[in-house]
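These notes concern the structure reproduced below.
What you see is a predicted model, and the numbers here were worked out from it, not measured in a lab.
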Amino acid sequence: LAFRLVAAVLAAAAMIGGPIAAANASDTTIKIALLRATPGLRRSDLRLRAAFARYSQTHRAGPVIRAIRAQDRDLSALRTKVRRSSASTTDGSRARRDIISGLGYILRSNYGVNGDLRRQGAAGLSPSQLRKAERLARHGNALYRRGIKLLLHS
């Protein structure tokens with residue numbers, strides 16, 4: 001849902017914004033990287049949600065682990081593209097920093113769930129492990145969204 005919202009907002013901003021000045025070229029490369037990554041992130045997010053839904057019924061950790069790895073590849077690729085881009089405005093650099101940090105928190109959350117599932121398998125995740133992963137993911141999503149909002153204003 002968040003990635004669909006991001007794609008819609010970035011597409012609307014691109015249509016409304018019209019021609020972009022040369023000074024914002026670096027910010028534009030970050031925006032383009034986000035736009036290009038959105039469909040893959042959406043697919044991996046849906047795959048992960050479906051795997052967690054199946055896990056709650058079957059307690060098979062394999063599909064969840066594979067879905068997490070697929071999402072991590074997409075998130076890491078986006079993080080690398082954004083990290084390698086330089087921002088041309090103050091808001092753009094703050095947005096870049098927030099996006100990179102937010103993706104890092106989401107990756108850390110996925111890494112924790114992946115490790116816990118590998119260790120515990122069908123025994124399931126404890127409520128404290130789930131809370132910790134959810135807290136990290138929520139914080140990462142908030143930073144990611146804040147970065148995108150800043151990027152749209154730059």
Is the backbone of [Y] close enough, under 3.5 Å, to the side chain of [X] for a donor and an acceptor to pair up by distance?
X     : Y     : value
Arg96 : Val82 : yes
Ser93 : Thr90 : yes
Asp27 : Ser88 : yes

For residues 106-114, dump all side-chain donor-acceptor pairs below 3.5 Å to protein atoms at least two apart in sequence or in another chain.
from	atom 1	to	atom 2	distance (Å)
Ser109	OG	Ala133	O	2.8
Asn110	ND2	Gln71	OE1	2.9
Asn110	ND2	Asp72	OD1	2.8
Asn114	OD1	Arg118	NE	3.3

Measuring from atom [atom1] of [X] to atom [atom2] of [Y], what distance do you get when rounded to the nearest 0.5 angstrom?
X      : Y      : atom1 : atom2 : value
Ser76  : Lys81  : OG    : NZ    : 12.0 Å
Asn141 : Leu136 : CG    : CG    : 11.0 Å
His153 : Ile148 : NE2   : CD1   : 12.0 Å
Arg145 : Asp98  : CZ    : CG    : 13.0 Å
Thr38  : Asp45  : OG1   : CG    : 11.5 Å

Over all atoms of both residues, closest heavy-atom pair of [X] and [Y]:
X      : Y     : result
Leu151 : Gly92 : CD1-CA, 4.3 Å
Arg60  : Tyr55 : O-CD1, 3.3 Å
Asp74  : Gly40 : OD2-O, 3.1 Å
Arg47  : Ala70 : NH1-CB, 3.4 Å
Pro63  : Arg54 : CB-NH2, 3.7 Å

Check whether [X] and [Y] end up in the same hydrophobic cluster, where Ile, Leu, Val, Met, Phe, Trp and Tyr are linked by side-chain heavy atoms less than 4.5 Å apart.
X      : Y     : result
Ile100 : Ile30 : yes
Leu152 : Leu41 : yes
Leu130 : Val64 : yes

Is the closest basic N to carboxylate O distance between Asp91 and Arg94 below 4.0 Å? yes
List for me each residue that meets salt bridge (charged side-chain N to carboxylate O under 4.0 Å, His left out) alongside Arg84, sequence neighbours excluded, and say none if there are none.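 By the salt bridge (charged side-chain N to carboxylate O under 4.0 Å, His left out) rule, Arg84 matches no residue at all.
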Are there more than 12 heavy atoms of other residues, nucleotides or ligands under 6.0 Å from atom CZ of Arg36? no
Which pairs pass ring-ring contact (aromatic ring centres under 6.0 Å, His included) with one or both residues in residues 30-52, sequence neighbours excluded? none
Mind running side-chain contact (heavy atoms from CB on, under 4.5 Å) on Tyr144 and Leu78 for me, showing each step along the way? CA-CA 12 Å; Tyr144 182 73; Leu78 176 60; 3.8 Å; yes
The residue among Leu34, Thr29, Thr28 that forms side-chain contact (heavy atoms from CB on, under 4.5 Å) with Ile32 is Thr28
